[in-house]
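Okay, so here's the structure we're looking at.
Residues: numbered from 1 along the sequence shown.
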Amino acid sequence: MHITQLNRECLLHLFSFLDKDSRKNLARTCPQLQDVFEDPTLWPLLHFRSLTELKKDNFLLSPALRSLSICWHSSRVQVCSIEDWLKSALQRSICSRHESLVSDFLLQVCDRCPNLASVTLSGCGHVTDDCLVRLLRSCPRLRALRLENCARVTNRTLTAVAAHGRALQTLHVDFCRNVSAAGLRRLRAACPRLTLRAEHSAAMIPDQLPRGLRSPGAALRKQLLR
């Protein structure tokens, strides 16, 4: 019996045991299997272990996506977490190769995956508040948002959670140095039923511009971090 003689349900079940690369390779063998690969029901869960995986064409974004995780554990994460004004030319060059990858990918998620229920971002040092605010607005069914070592996340994200995270039940902001204790207190007061975890975040030293680089907007930024 040839694999293409299996019915749709069996083919979907078979594909579900394969990783992203294997699914794509199998789909290349014939149009029927390519059609199975493009079935949204095959893609309720996506997990990425490196940023380069985000650029591949071995997955599908669709309204069927329920859980997304991007966990980047690399020595380059430490470079991304350095404040921009402290980076050397080499460090800035390293970051320039990938600094927009996660944000651009999440913008696609916002447009294509409105039923997303869970998002985990770890080591995504270039993800900004603006991106997370849009995610909260675009995915009203989001129940869990877990952030770890996301250096550019500030109290603005906490404010957006209170304003737009109506379905959110769990929020983690671990090792996010620009999240303050005051911001966490305000969120707890606004959302008492929210399960909130902020391991080490409020105890870390936030970004601070050197005096010579401070601008009129720095005062506003400082106020947001309080």
Side-chain angles (χ1 to χ4, degrees), residues 43-49 51 54 61-73 77 80-81 101-208 220-226:
W43 302 98
L45 169 66
L46 282 174
H47 177 63
F48 300 93
R49 294 179 176 85
L51 301 191
L54 301 177
L61 292 177
S62 77
L65 183 63
R66 296 295 185 271
S67 179
L68 168 68
S69 66
I70 305 172
C71 299
W72 192 36
H73 302 293
V77 174
C80 297
S81 297
L101 277 179
V102 177
S103 294
D104 291 347
F105 179 79
L106 289 178
L107 292 179
Q108 295 182 55
V109 170
C110 290
D111 292 337
R112 303 181 191 179
C113 312
N115 300 314
L116 198 58
S118 174
V119 173
T120 299
L121 303 175
S122 178
C124 300
H126 294 288
V127 170
T128 64
D129 293 317
D130 289 337
C131 189
L132 294 174
V133 170
R134 181 166 175 178
L135 182 71
L136 287 162
R137 287 175 172 170
S138 303
C139 303
R141 295 177 177 84
L142 192 65
R143 295 196 302 269
L145 177 60
R146 299 177 177 90
L147 308 174
E148 180 185 56
N149 196 16
C150 296
R152 283 164 177 73
V153 173
T154 74
N155 289 346
R156 280 191 59 210
T157 292
L158 304 185
T159 301
V161 166
H164 308 294
R166 296 176 181 85
L168 204 65
Q169 300 172 1
T170 300
L171 174 66
H172 294 176
V173 282
D174 299 333
F175 299 93
C176 298
R177 65 173 180 256
N178 288 307
V179 169
S180 72
L184 293 169
R185 286 196 297 271
R186 287 193 293 268
L187 180 57
R188 286 191 173 98
C191 306
R193 295 184 179 180
L194 179 69
T195 300
L196 176 60
R197 191 180 80 182
E199 187 174 345
H200 295 292
S201 292
M204 299 176 75
I205 300 174
D207 294 352
Q208 293 182 346
L220 176 60
R221 182 173 177 275
K222 184 177 180 181
Q223 185 177 6
L224 289 172
L225 290 175
R226 285 179 180 174

State whether the side chain of [X] and the backbone N or O of [Y] hold a donor-acceptor pair below 3.5 Å, judged by distance alone.
| X | Y | result |
| --- | --- | --- |
| Asn178 | Asn155 | no |
| Asp129 | Thr154 | yes |
| Ser138 | Arg134 | yes |

Inset, instruction - May I have the step-by-step check of side chain to side chain contact (heavy atoms under 4.5 Å, CB included) for Asp174 and Leu147, ending in yes or no? - result: CA-CA 6 Å; Asp174 299 333; Leu147 308 174; over 6 Å; no
Between atom [atom1] of [X] and atom [atom2] of [Y], what is the distance when rounded to the nearest 0.5 Å?
| X | Y | atom1 | atom2 | result |
| --- | --- | --- | --- | --- |
| Ser201 | His172 | OG | NE2 | 11.0 Å |
| Leu132 | Ser103 | CG | OG | 8.0 Å |
| Cys131 | His126 | SG | NE2 | 13.0 Å |
| Cys124 | Phe48 | SG | CZ | 11.0 Å |
| Leu194 | Thr170 | CG | OG1 | 7.0 Å |
| Cys139 | Leu145 | SG | CG | 10.0 Å |

Which atom pair, heavy atoms only, marks the closest approach of [X] to [Y]?
| X | Y | result |
| --- | --- | --- |
| Pro140 | Ala167 | O-CB, 3.3 Å |
| Ala160 | Val133 | CB-CG2, 3.5 Å |
| Val179 | Leu158 | CG1-CD1, 3.7 Å |
| Gln108 | Leu61 | CB-CD1, 3.9 Å |

Are any non-hydrogen side-chain atoms of [X] and [Y] less than 4.5 angstrom apart?
| X | Y | value |
| --- | --- | --- |
| Cys71 | His47 | yes |
| Val102 | Trp72 | no |
| Glu199 | Val173 | no |
| Leu135 | Leu107 | no |
| Arg146 | Leu121 | no |
| Val161 | Arg156 | no |

Inset, instruction - Run the numbers on Arg66 and Asn115 for side chain to side chain contact (heavy atoms under 4.5 Å, CB included), then give the verdict. - result: CA-CA 6 Å; Arg66 296 295 185 271; Asn115 300 314; 3.4 Å; yes
Inset, instruction - Before accepting this row, confirm whether a basic side-chain N of the pair Asp130/Arg152 lies closer than 4.0 Å to the acidic partner's carboxylate O. - result: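 Looking at Asp130 and Arg152, the cut-off is not met.
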Legend entry - side chain to side chain contact (heavy atoms under 4.5 Å, CB included) evaluation trace for Leu101 with Asp104: CA-CA 5 Å; Leu101 277 179; Asp104 291 347; over 6 Å; no
Inset, instruction - Take Leu68 and Leu106 through the test side chain to side chain contact (heavy atoms under 4.5 Å, CB included) and record every step on the way to the result. - result: CA-CA 10 Å; Leu68 168 68; Leu106 289 178; 4.0 Å; yes
Legend entry - Arg49 atom CZ: more than 12 heavy-atom contacts under 6.0 Å: no
